[in-house]
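Chain A is the first sequence line, chain B the second, and so forth, proteins listed ahead of strands; every chain is numbered from 1. Note that the structure is a prediction, hence the values are computed from the model and not measured.
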There are 2 protein chains.
Amino acid sequence: MLKEPTIATPQECADCPIRHRAVCARCEPQELGLLEEIKYYRKFEAGQTVIWAGDRMDFVGSVVTGIASLTQTMEDGRTQMVGLLLPSDFVGRPGRDGAAYDVVATTDLVMCCFRKKPFEHMMENTPHIAHRLLEMTLDELDAAREWMLVLGRKTAREKIASLLSIIARRDATLRQVGMTGTLVFDLPLTREAMADYLGLTLETVSRQISALKRDGVIELEGKRHVTVPDFVRLMEEAGDDSDGGMLA
Amino acid sequence: MLKEPTIATPQECADCPIRHRAVCARCEPQELGLLEEIKYYRKFEAGQTVIWAGDRMDFVGSVVTGIASLTQTMEDGRTQMVGLLLPSDFVGRPGRDGAAYDVVATTDLVMCCFRKKPFEHMMENTPHIAHRLLEMTLDELDAAREWMLVLGRKTAREKIASLLSIIARRDATLRQVGMTGTLVFDLPLTREAMADYLGLTLETVSRQISALKRDGVIELEGKRHVTVPDFVRLMEEAGDDSDGGMLA
DNA sequence: GTTCGCGCTTGATCTAAGTCAAAGATATGA
DNA sequence: TCATATCTTTGACTTAGATCAAGCGCGAAC
């Protein structure tokens, strides 16, 4: 049913975020040379599983293009998405062999991977890599904690508004903003995936999106293309304080 | 209403977890010497706030004894606990000035603190510190993600069972286990704090604890002293798979 | 000892979100 | 073109947990 991932060519990773953002922001050229020997690229189609929870994981890597999700599943099938990986986000944990979560390609996906052992070795010898990784991990921890507030205390409507504003904030196309506060983007998630992220059912997601549309908070073109006429209004609906959830 | 924290004496931190666990597991003696110059100790009473979200935070540190909680609060007062800090857990973020969450002493608390600037400087020059901090942060991230499943998908009863098994697992007194699987510990949280951690109301927490008692999953002596006759049964009630939520 | 206060329990009722069910959009492929 | 499948919407009904409202138990202060 699912195809094997294909190996992508290095050219597809000209702007590899690991190289330029995660690891090597302050690296010396000779370190980049080392990097080239241990990195490779993988492509996945929407819906493919990158790795199953519990599987042995002999690489670490980061998202180049597309979106991946981390999900946890209980024996009875209840599932909770615990992370949304956008381009430049890091996957995998140096020092651990097994994957802790299912990683699934939510859209078509290109990842930039490093064989784990050499990566760990490189980390030992390159302090900046560990520092950069610490910084990224702390950002992820903050995101996870922000999400705990969403899951634990927000209403269904606030949850939807929170998700929309997070996607909008991280989506590059938000540069269509302009002075008006208007903002346009495409939802990269099905209603079911949104439900899994928000701890809701897909029916409730659908109803709340309809309600936000009815109330003029968002406009929809098709199922996925969203226009937010007033981002401040959306953030109010999300129950965030006026700074929009940006951390100091 | 709240007292100022008092400075504790170094003697109270003979087994300082930062020194022995977080930072200096592999440090050289001269590095320990440097450490001594920038670290100090603070004591708080149960209920005192260590730091408010948004405040300037000029230290990092870790819990020596007692329990602290990280909480987020919305304007209308809804609050969600996003982390429980037990002895040896680290607080604060190198590279950021403001606190992201309220930190509150849940029980009487002793913390071991480091002035931030010198700590950051030391981190630059001591790779093991960054590595150890990365490891700890990844552990916290895993804990946060495990908690997202609890908040998003578990029933009230499963939430209570999950919290009890987490506290039991981390509580030192669980060494009273023995071969029987019986396990005894004290709850370090009020019903309200449990509710804030679990995304429930305190009434629901109370009802579910009563129900678990009625069903023989736990026994209570007073409000806080808990006996778990069969830890496997508790984990089943938590909806965890048989490995008890331990990561590979 | 009595009274206060706080943390906790329990009951009655309400409601937001879940469940079950049907049907409307799009897209894919024969 | 029509059949099939997936994703989505909407409606009717149910329910887990919230809300509102008494009280209980127990230590601290008088």
Side-chain angles (χ1 to χ4, degrees), chain A residues 1-2 45-48 74 76-80 106-108 150-164 186-215 218-226 237 239, chain B residues 1-2 45-47 74 76-80 106-107 150-164 186-215 218-226 237 239:
Chain A
M1 180 182 171
L2 292 176
E45 291 178 12
Q48 277 185 294
M74 296 171 68
D76 62 7
R78 283 177 281 177
T79 84
Q80 176 66 49
T106 292
T107 62
D108 288 350
V150 172
L151 289 172
R153 291 302 184 193
K154 290 194 178 180
T155 65
R157 169 183 267 240
E158 289 169 336
K159 285 178 174 181
I160 298 289
S162 298
L163 179 57
L164 292 177
D186 282 300
L187 275 177
L189 301 174
T190 65
R191 299 289 186 264
E192 186 178 27
M194 294 176 70
D196 284 344
Y197 201 26
L198 294 167
L200 297 171
T201 59
L202 67 93
E203 293 95 329
T204 297
V205 170
S206 181
R207 275 187 250 273
Q208 294 300 332
I209 287 179
S210 299
L212 288 174
K213 189 170 75 175
R214 175 169 37 70
D215 299 343
I218 59 173
E219 290 152 25
L220 277 185
E221 198 174 324
K223 312 291 184 192
R224 300 295 192 88
H225 193 74
V226 181
E237 292 286 354
Chain B
M1 181 185 175
L2 292 177
E45 291 178 13
M74 296 171 68
D76 62 7
R78 282 177 281 176
T79 83
Q80 176 65 50
T106 293
T107 63
V150 172
L151 290 173
R153 292 301 185 194
K154 291 193 178 179
T155 64
R157 169 183 267 240
E158 288 169 336
K159 284 178 173 180
I160 298 290
S162 298
L163 180 57
L164 292 176
D186 282 301
L187 274 177
L189 300 174
T190 65
R191 299 290 186 263
E192 185 179 27
M194 294 176 71
D196 284 343
Y197 202 25
L198 295 167
L200 298 171
T201 60
L202 68 92
E203 293 95 329
T204 298
V205 170
S206 181
R207 274 186 251 273
Q208 295 300 333
I209 288 179
S210 298
L212 288 174
K213 189 170 74 175
R214 176 169 35 70
D215 298 343
I218 59 173
E219 289 152 26
L220 278 185
E221 197 176 325
K223 312 293 183 189
R224 300 295 193 88
H225 194 73
V226 181
E237 292 286 354

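Annotation: side chain of A:Thr106 is not in contact with side chain of A:Thr190 (no heavy-atom distance under 4.5 Å). Using a 4.5 Å heavy-atom threshold, the side chains of B:Val150 and B:Leu163 count as separate. Side-chain contact between A:Val226 and A:Asp186 is absent, with no heavy-atom pair separated by less than 4.5 Å.
Protein chain B contacts DNA chain C over a range whose 5' and 3' limits, counting nucleotides with an atom under 4.0 angstrom from a non-hydrogen atom, are C:dC8 to C:dA12. Note that the first and last nucleotides of DNA chain D, 5' to 3', having any atom under 4.0 angstrom from a heavy atom of chain B are D:dG17 to D:dC20.
Side-chain atoms of A:Asp108 never come within 3.5 Å of backbone atoms of A:Glu45 as a donor-acceptor pair (strictly under, hydrogens ignored).
Contacts between residues 151-164 of chain B and DNA chain C, counted as heavy-atom distances below 4.0 Å, involve no residue at all. Using a 4.0 Å cutoff on non-hydrogen atoms, the parts of residues 199-207 of chain B near DNA chain C are B:Leu202, B:Glu203, B:Ser206, B:Arg207, ordered by number.
For A:Arg157, the salt bridge (Lys or Arg N to Asp or Glu O under 4.0 Å) partners are A:Asp215, A:Glu237, not counting sequence neighbours. The side chain to side chain contact (heavy atoms under 4.5 Å, CB included) search around B:Glu158 returns A:Met74, A:Arg78, B:Lys154, B:Thr155, not counting sequence neighbours. Remark: B:Thr204 engages B:Thr201 in a side-chain hydrogen bond (donor to acceptor under 3.5 Å, both in side chains) (not counting sequence neighbours). Shown here are the side chain to side chain contact (heavy atoms under 4.5 Å, CB included) partners of A:Lys223, two or more places apart in sequence or in another chain: A:Arg191. Shown here are the side chain to side chain contact (heavy atoms under 4.5 Å, CB included) partners of B:Ser210, two or more places apart in sequence or in another chain: there are none.
Sequence order on DNA chain C of the closest nucleotides to B:Lys223 and A:Lys223 puts B:Lys223 first from the 5' end.
Relative to the axis of its first five pairs, the axis of the last five pairs of the helix from C:dG1-D:dC30 to C:dA30-D:dT1 sits at 30°, rounded to 10 degrees.
Taking CD of A:Gln208 as the reference point, atom NZ of A:Lys213 lies at 13.5 Å (rounded to 0.5 Å). Atoms CG and OG, on A:Leu200 and A:Ser206 in that order, are 12.0 Å from each other to the nearest 0.5 Å. We find the CZ-CG distance between B:Arg224 and B:Leu189 to be 7.5 Å, quoted to the nearest 0.5 Å.
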Applying side-chain contact (heavy atoms from CB on, under 4.5 Å), run through A:Ile218 and A:Ile209 and close with a yes or a no.
CA-CA 8 Å; A:Ile218 59 173; A:Ile209 287 179; 4.1 Å; yes
Please tabulate, for side-chain N and O atoms in residues 192-199 of chain A, each donor-acceptor pair with protein atoms closer than 3.5 Å (sequence neighbours left out).
from, atom 1, to, atom 2, distance (Å)
A:Asp196, OD1, A:Thr79, OG1, 3.3
A:Asp196, OD1, B:Arg153, NH2, 3.2
A:Asp196, OD2, A:Thr79, OG1, 3.1

